[in-house]
Amino acid sequence: MALVLNEEQVMLKDAAAGFLAERATVAHQRALRDSEDTTGFDAAVWKEMAEMGWAGIAIPEEFGGLGYGYTGLGLVLEQAGRNLSASPLQSTVLVGATAVAQLGTAAQKEALLPAIAAGETLVTLALQEGAHHAPAATAAVATKSGEGFVINAEKRLVLDAHVADQFVVIARTSGTPGTESGLSAFLVPANAEGVSVDRRSMVDSHNAGTVTFAEVSLPADALMGELDGAWAGLSRTLDIANVGLASELLGLSTEAFERTVEYLKERKQFGHIIGSFQGLQHRAAELFAELELSRSIVLQALHAVDADSDKLSLLASAAKAKLCEVAQRATNEGVQMHGGIGMTDEHEIGFFIKRARVAQHTFGDYNYHLDRYAEQVGF
Amino acid sequence: MALVLNEEQVMLKDAAAGFLAERATVAHQRALRDSEDTTGFDAAVWKEMAEMGWAGIAIPEEFGGLGYGYTGLGLVLEQAGRNLSASPLQSTVLVGATAVAQLGTAAQKEALLPAIAAGETLVTLALQEGAHHAPAATAAVATKSGEGFVINAEKRLVLDAHVADQFVVIARTSGTPGTESGLSAFLVPANAEGVSVDRRSMVDSHNAGTVTFAEVSLPADALMGELDGAWAGLSRTLDIANVGLASELLGLSTEAFERTVEYLKERKQFGHIIGSFQGLQHRAAELFAELELSRSIVLQALHAVDADSDKLSLLASAAKAKLCEVAQRATNEGVQMHGGIGMTDEHEIGFFIKRARVAQHTFGDYNYHLDRYAEQVGF
Amino acid sequence: MSDLDQFRQETRAWLEENCPETMRVPVKGFDDLYNGGRNPEIDHPDQKVWCDRMAERGWTVPHWPREYGGGGLDKDEVKVLREEMARISARSPLDSFGISMLGPALLQFGNEEQKKEHLPPICRGEIRWCQGYSEPNAGSDLASLQTRADDHGDHYLINGQKVWTSYADKADWIFCLVRTDNSGTKHEGISFVLFDMAQSGVEARPIKLISGSSPFCETFFDDARAEKRNLVGEEGKGWTIAKYLLTHEREMISGFGAAPKKSLGESAADIMGRDSEGRLVNGILRQSLAQYQLDALAFAATMSRVGDEVKAGQGLGAASSIFKYYGTELNKRRNELNLQVYGEPAVGWDGEAYNNGTLARDWLRSKGNSIEGGTSEVQLNIVAKRVLGLPDA
Amino acid sequence: MSDLDQFRQETRAWLEENCPETMRVPVKGFDDLYNGGRNPEIDHPDQKVWCDRMAERGWTVPHWPREYGGGGLDKDEVKVLREEMARISARSPLDSFGISMLGPALLQFGNEEQKKEHLPPICRGEIRWCQGYSEPNAGSDLASLQTRADDHGDHYLINGQKVWTSYADKADWIFCLVRTDNSGTKHEGISFVLFDMAQSGVEARPIKLISGSSPFCETFFDDARAEKRNLVGEEGKGWTIAKYLLTHEREMISGFGAAPKKSLGESAADIMGRDSEGRLVNGILRQSLAQYQLDALAFAATMSRVGDEVKAGQGLGAASSIFKYYGTELNKRRNELNLQVYGEPAVGWDGEAYNNGTLARDWLRSKGNSIEGGTSEVQLNIVAKRVLGLPDA
């Protein structure tokens, strides 16, 4: 697949850029934050996104989706990154729908994917337990009980936990924490007895929470796919999730960089436009180079998803690691080069550094993914 | 111990600076290289160094040394680093004498240390076997034979191998490669039967070689210290060796940096002195900061040797790791900032980058020592 | 018994008797310090009791002369006092810009009347000071400041705007850089004046930072009055005082980078686990942590070395020129590594589970270290030009 | 059968018959390539045989027009020829600056007579060319060159000095930037002339590099004669051609940074060992290697992307402006890592045990990559100003 966008993709990208720059900007995000909005995103905007088909952008047409593939979703997420738009794009479109597609039974897909594509249902993944992303370390247990299961778990950093309709919960049905086998996935309705959600205030003011599953009884058909066999589907879901987050970080970093370059062209110090200082010029040019590399690796990883490449895990970790590195640098340079004004809450650059760190952390940070990349490459 | 030089040390440093800048400069080093000198250093200069007491600078007065301690030796090595002076300071004064002092029996010390201090005997360590410094991995074997031993070994990167009078050979008398116990040290005369030396041409044109010990028979009193018990003394010898090399690298890096700054003040491009470009100014200033840190950590490590601190291993690896990092940066910046002329053999800056990499590699490079430092710190 | 031993004995006894139990608990953060002032923020009534008792002996600022309200103690006595306070974990009784910034400047540049007028209230915690330096269009380029002081005989009228004035909304008086003359170079015509903030021409508006706190203000002057007797040094020569205080401030900020007590690498291993050799499981993070700790160690050694050189009478070496730059950059690295080591709780903002976002807020606050008190870029310019002697463009 | 299939069949047959067995072994290094010229360096007589046979079909430069000695092949045919040569590991028959540098410039800027005169001997490997660009006092600032060409009616007399002229001691002709006019800005008055090196006014002295080899010369001109018919383009407009060739050269040099076939990380693990999880034992080196390989992967992806964008008719994007800078910096990193991975043999200089110092010499040679053809600093200036639009100082 050539590393260029086709016409359809360019149109999608332009449409997303136009819509989000008007309806879900940093200013909107600030308003949501300051009003302590209980939804945490603008439901009307989300409705419009769904009407444009974005909720089902990567869902096959047979399930009511647009079938644009993950490259299409990546382009939208990149624009969401540029605008720091809060929406269920990450929780449900990128992760939830993918988990259902990768792990679910035929019946579960039939029931959920069209509803997701229509923007009517929010589904999110409940995975992380410790301070760090470590899927194989999952210790939460689901035990057999009659025909069904009883699940006990406390899951952190569950995206859109407070508004999700369904959770895809990863729990251990055999084996010991640290092993990849013995994990199973369950579909748990948010209103099931024993489910409690604690919405958390994160540094990015986006939406995540801790979900406790206390003796939650589940019917047999809550199991997604094979008992003990969730690893492969979970891995693929996480690879895709990380490529999507890398797309978002690409947009975020590029926007932070471009705003910073604009500031360098305006701000005067010591009688000169500060953008004329070679020290800053070289740092900006180096960062430009890193952003170009970032764009390429993200595009390659998105294509690997859609082409079902056997290099997906390698490229997903490569893309996430690279974008964690570059987003950190771009946002740090952004604040530093803005100087004092960049430290104020009033200026928007601070919103970028905050969202970046949470997106970096979600589903594995630089350290996790560079380590995994080295493993995939063979050393 | 305060991190400053006392009066005696300042005088020693000035004396070393003056002598080496006249008698053992980069130009002298070039002449030795181009004439393919068979000794590889200037024997007359070495004789003068010995007359000034440098051969016994760190040897206690009871063994005929100056008793200035390793801080004193470090100051001389720093000046040797500035001038890239080739001499047996590293092989014999820093490493050989230390190995004898740390590992030798009373009789061996009596026999060798005064001779070393007088500049009459060269003693060097024969340790490394593979491509990398890995002392615990020593596989060479010494077997009991009658009262004595028979040794078989091939040792690389033996400093001044071609002119050494005695080798301190590390060989395994029990245990398996990879374990610290079971190593013993032996004193082997260069003229013993079965010893052959292959002088090697390294990138720095200093002196090192591969030494083969083929069925070399040794009397019982060739054993240094306890059978199987060389590790502690070897470790301490290597710690000291690395602090000494860090001192040399400090001098080398500082000199490369200062020459580069001078060049930046002279060279014109685009109608400006290139030292006025902020991009180069900031890189120079950052490097200056790193060199100041380097000076502090080297001094702290030298004091740790003389104070017999239990933090010696930690500080030795810290100092060597830091100086490997900074020497690499200083010499790379040196060549880059000199531009085309820095790429020519005619210019001296190239000699600095060449010596730096060999000194970095000797007894463990950045990777080895940063890893060891992290272990020492507890993670 | 030596005089010093006797001083120790008396001090110990006095502290035992006079330091309230509640003041023998370490402060939790900046907000917990007692800053004094006309309307002091008091978390506990003992704060004022403790400050007043110490001030009576001059021990709020023990090294200042007694005539100005200080304790008149020599170096050794100050050390004993600190040791004895540390012995019982006694809090510092008073923390203020008056003590750390204005006082040293007045002692150096002020006239006798100014010292007599302003230093004692500082020692007693009666007047809280703030600093009027930066302006919106003069960040790193401080000397291009535009706040105007017009001569009206015995007083000036001040017009203009300052920014980044620490706690201006809580301060009683300000020490302020103003322009008294526009005719020369930008460094000329700057004057250093003191005036009361409690007047109608002064307004201070807190600035909310990305970390969520508001330690700084924008401050507006509209015909604010400053008496001429409160001009410090000569008119038009304020830049000398400004530079003195900037250097002073940089040394304070660089202290942020000191090596932490608990090794971050060990914390990481506790949280993330170790391999069979005892190494932190994630080798990538291990590399960053090892390099950070190595640099922190070498930086701490450098601060010690410079201190030892000064003690040995060798003067303040060139190495001190890197303190501000390196210390703040190191602190930023430390804070980024905190996020990586502590993981999810470190990107939390509010709530008990996240300790109210302490890690994240400290991380965000650390970004300002390399901006305030002279940016890292300005520091590197200074090293390049003044230390290395590289030419101007 | 399609025309292309038929072309493939014929090519295969011809190669089988005409490519000597000795020329079906890959070259070991630069020195092993055949460069042609009046006095060719010939390691094996088949080199000339192979070059002559290929030249007869125009296949030494298969994509140039037949009228100038090329093969007149279209893109697809060139691809087939390359594939068929690769199939039998046939060497490239001829490698020269005439093909890679001067030819493209002449095809773009030369007049018909110049093309007719110079291109065919290049294709036949009869004339070897060198490039006269840099001067001792004009390194990165190429346009400040001072080598003078004085007008003598039908010819110029050239006086001055060039440096970094690749293989000038072995070349027959030079394409050279000279100053024909001093009155305008430094970019004006530069002309691009060709002249024969075999004349008394020309002297080339090889420069020994830190890597030990001498691929470059200092070249001196003392009334060297260049015919006016060998002025390419207009007098005083040579800078346009120079810029074209610089860009061309930068693209060639940036190719150095392509991801290697064998992973350096795996080599490291082979040499240094793995832990129980299969990871390279030294975690510090593992971090550097992983970051290097990641960057090499992303850089390779970027080169592909730009290529694909060009193919898709989107033109040469801004990303191409980073190729020279990033590719050479990456290659330097790779070479530093080589030393760390291969250890002692990599710091060897001479002798069989060290493979004659190949690793060390390549490492030293790589340092020049970020200097020649426009330093990394100049590249970053270009990105900052032309791509990002940042202003001049």
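Basis for what follows: all heavy atoms, side chains included, without hydrogens, waters or symmetry-related copies. Since this is a predicted model, take the numbers as computed values, not measurements.
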So what's closer than 4.5 Å to chain B heavy atoms on [X]: side chain, backbone, both or neither?
| X | value |
| --- | --- |
| C:Gln379 | neither |
| C:Val387 | side chain |
| C:Lys311 | neither |
| C:Ser376 | neither |
| C:Glu377 | both |
| C:Ala269 | side chain |
| C:Ala318 | both |
| C:Glu277 | neither |
| C:Ile382 | neither |

Gap separating the [atom1] atom of [X] from the [atom2] atom of [Y], nearest 0.5 angstrom:
| X | Y | atom1 | atom2 | value |
| --- | --- | --- | --- | --- |
| C:Asp392 | B:His272 | CG | NE2 | 12.0 Å |
| C:Phe299 | B:Glu292 | CZ | CD | 11.5 Å |
| B:Leu264 | C:Leu390 | CG | CG | 6.0 Å |
| B:Leu370 | C:Leu289 | CG | CG | 10.5 Å |
| C:Gln314 | B:Leu5 | CD | CG | 7.5 Å |
| B:Phe379 | C:Leu285 | CZ | CG | 8.0 Å |

Heavy-atom count check: over 12 atoms from other residues, nucleotides or ligands less than 6.0 Å from [X] [atom1]?
| X | atom1 | result |
| --- | --- | --- |
| C:Arg274 | CZ | yes |
| C:Arg82 | CZ | no |
| C:Asp5 | CG | yes |
| B:Lys13 | NZ | no |

Proximity breakdown for [X] and chain C, heavy-atom pairs closer than 4.5 Å:
| X | value |
| --- | --- |
| B:Leu291 | neither |
| B:Glu258 | neither |
| B:Leu299 | side chain |
| B:Gln300 | side chain |

Heavy atoms only: give me the nearest [X]-[Y] pair and the separation to one decimal.
| X | Y | value |
| --- | --- | --- |
| B:Ser296 | C:Ala298 | CB-O, 4.0 Å |
| B:Ile297 | C:Leu297 | CD1-CD2, 3.6 Å |
| B:Gln281 | C:Pro391 | NE2-O, 2.8 Å |
| B:Ala289 | C:Tyr326 | CB-CD1, 3.9 Å |

Just so I understand: if I count every heavy-atom pair under 4.5 Å between each of B:Gln278, B:Lys265, B:Glu375 and chain C, which residue has the most?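 The candidate making the most pairs under 4.5 Å is B:Lys265.
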If you tally heavy-atom pairs under 4.5 Å against chain B, which of C:Leu280, C:Leu388, C:Asp295 wins?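 When all of C:Leu280, C:Leu388, C:Asp295 are compared, C:Leu388 has the most.
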Shorter than 4.5 Å, heavy atoms on both sides: which option in C:Leu380, C:Ile322, C:Asn381 has the most such pairs with chain B?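 Of C:Leu380, C:Ile322, C:Asn381, C:Leu380 has the most heavy-atom pairs under 4.5 Å with chain B.
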Polar side-chain atom of C:Arg286 near backbone of B:Asp371 as donor-acceptor pair, under 3.5 Å: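 Indeed, once roles are kept as given, a pair shorter than 3.5 Å links the two residues.
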Would a distance-only check, ignoring hydrogens and angles, find a side-chain to backbone donor-acceptor pair under 3.5 Å from C:Arg279 to B:Ala374?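 Looks like no, no N/O pair under 3.5 Å.
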